[in-house]
Amino acid sequence: MSRNAKDFFRPLALGAPEPLREIPARPSRAIHFFDPSNEKMAAKVPELAGTVDVLLGNLEDAVRSDRKEAARAGLVKIARDTDFKTSQLWTRVNALDSPWVLDDLTTLVTEIGDKLDVVMIPKVQGAEDIAYVDRLLAQLEARAGLTEPLLVHAILETARGVVDVEEICGASPRMQGLSLGPADLAADRRMKTTRVGGGHPGYVVRADARRTSDGVDVEGERATYQQDLWHYTIARMVDACAAHGIYPYYGPFGDIADVVACEDQFRNAYLLGCVGAWSLHPKQIEIAQRVFSPSVEDIAHARRVVAAMQHDGGDGTGAVMLDGKMEDDASLKQCLVLVELAEQLAERDPELKRLYDGIEA
Ligand code: GLV
Ligand code: MG
């Protein structure tokens with residue numbers, strides 16, 4: 001049996017802070033990864049603070065094994081020395097079966113736990129991994145005297161993690177969200193791709209051959225349409241997160257030079273319900289923050305629908321015709337998702353506020 005409803009929000013260690021009842025909707029359109037052991041990247045962090053929603057000190061993959069300790073120590077120093085302004089500070093610790101994770105969690109929570117917002121856990125297999133982290137964080141929070149609970153973000157990058165995605169989302173009140181980890185997931189599932197996210201030109205459907213009335217194939221080009229390798233997983237992740245009141249994210253897009261395909265991948269995730277994506281290079285920050293913010297056109301339309309449904313004392317029920325299209329309670333609700341997101345983002349992003357405020361009624 002999992003924890004009963006009464007116990008679910010009890011701290012898991014004496015002296016640990018109370019878990020949150022609701023996960024705050026803070027902007028996290030771009031989660032910008034940096035390697036704290038890389039001096040060039042570390043030096044950029046103060047400049048990026050305040051310009052990106054989330055700065056994430058990465059300790060896991062992409063950091064060499066002989067740099068793991070330097071990365072951990074580097075993150076402690078950066079967290080202490082930097083004014084993060086409006087940016088949140090997250091970290092990705094090493095995997096739970098690695099030789100580094102225990103020291104990652106112990107050091108980070110006790111030394112800079114008050115600076116960290118979210119701890120990303122890679123290669124999560126099931127709810128038992130979250131339960132382990134949940135208890136350990138509570139013990140460390142108590143030792144550090146923290147007053148705010150740390151939140152946990154799991155990377156969806158194992159086949160078993162996908163199968164158990166709902167249990168993972170509901171395993172702890174600390175669960176803040178999930179990111180798709182397409183590279184590890186592809187390997188774990190034994191997919192035959194070799195990329196870090198994005199599409200593949202071989203994954204297509206092809207139009208039927210044209211045939212004569214006697215059933216003979218007519219030679220000629222047959223159109224092919226590339227399909228999205230990640231649609232199924234992202235859709236499952238979005239449903240699991242929405243059902244548990246937490247947030248889904250697209251993860252990494254490894255082809256840094258292909259900004260067009262990166263934008264497409266991010267936009268597909270946005271349209272399906274994700275709230276953000278990872279940035280592996282400063283040029284992906286702008287893409288993510290733009291794509292995961294509702295467009296001015298969408299907000300203008302959404303506000304028109306809201307106004308039309310409330311016209312003449314309407315309370316948002318019933319139906320109206322707008323530009324030849326039927327709008328009703330359900331399309332109003334979709335519009336409100338966009339309007340509310342725009343309001344949340346505009347509170348933190350003055351440039352967006354100016355854009356949305358400038359929309360003519
Ligand atoms: C991210 O960690 C991935 O494996 O894609
Ligand atoms: Mg990974």
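Along the sequence shown, the residues carry numbers beginning at 1. Every number for a ligand or one of its atoms is a count from 1 in the order of the listing.
- The N/O atoms of Pro252, backbone and side chain alike, include none that comes under 3.5 Å of an N/O atom in ligand 1.
- Ring geometry for Tyr250 versus Phe266: interplanar angle of 30 to 60°, hence tilted.
- The contact set between ligand 1 and Trp278, taken as ligand atoms under 4.0 Å from a residue heavy atom, comprises 1 (C), 2 (O).
- Of the polar atoms of Glu60, none of the N or O atoms is found under 3.5 Å from an N or O of ligand 1, judged by distance alone.
- Judged by the 6.0 Å distance and 45° axis criteria, Arg21 is positioned over the aromatic ring of Phe9.
- Residue contacts with ligand 1 for Arg92 involve side-chain atoms from C-beta outward but no N, CA, C or O (heavy atoms, distance under 4.0 Å).
- When only interatomic distances are considered, the shortest N/O to N/O separation between Ile155 and ligand 1 does not fall below 3.5 Å.
- Residue Glu157 has at least one nitrogen or oxygen atom sitting less than 3.5 Å from a nitrogen or oxygen atom of ligand 1, judged on distance alone.
- Hydrophobic clustering (ILVMFWY, side-chain heavy atoms < 4.5 Å, transitive): Leu180 and Leu271 are in one cluster.
- Nearest to atom 5 (O) of ligand 1 among the protein's heavy atoms is Ala183 N, 2.8 Å.
- Within a 6.0 Å sphere centred on CZ of Arg143, heavy atoms belonging to other residues, nucleotides or ligands number 12 at most.
- When the side chains of ILVMFWY residues are joined at heavy-atom separations under 4.5 Å, either directly or via intervening members, Trp100 and Ile78 end up in two distinct hydrophobic clusters.
- Heavy-atom distances between Pro182 and ligand 1 reach below 4.0 Å in at least one pair.
- Residue contact annotation: Glu157 places an N/O/S atom under 2.8 Å from the Mg ion (ligand 2).
- Residue contacts with ligand 1 for Phe253 are absent, since no atom lies close enough (heavy atoms, distance under 4.0 Å).
- Taking the Mg ion (ligand 2) as reference, Asp184 places its N/O/S atom OD2 nearest.
- Ion pairing of Arg189 with Asp184 is absent here, as no side-chain N (NZ or NE/NH1/NH2) approaches a carboxylate O to less than 4.0 Å.
- For Tyr249 and His153, the gap between ring centers is short of 6.0 Å.
- Comparing Val196, Asn58, Asp184, Thr158 by heavy-atom distance to atom 4 (O) of ligand 1, the nearest is Asp184.
- Distance check for Glu60 against the Mg ion (ligand 2): none of its N/O/S atoms falls below 2.8 Å.
- By the neighbour-count criterion of 12 heavy atoms within 6.0 Å, atom CD of Glu166 is densely surrounded, having more than that number from other residues, nucleotides or ligands.
- A distance-only check finds a donor-acceptor pair linking the side chain of Glu157 to the backbone of Lys123 [under 3.5 Å].
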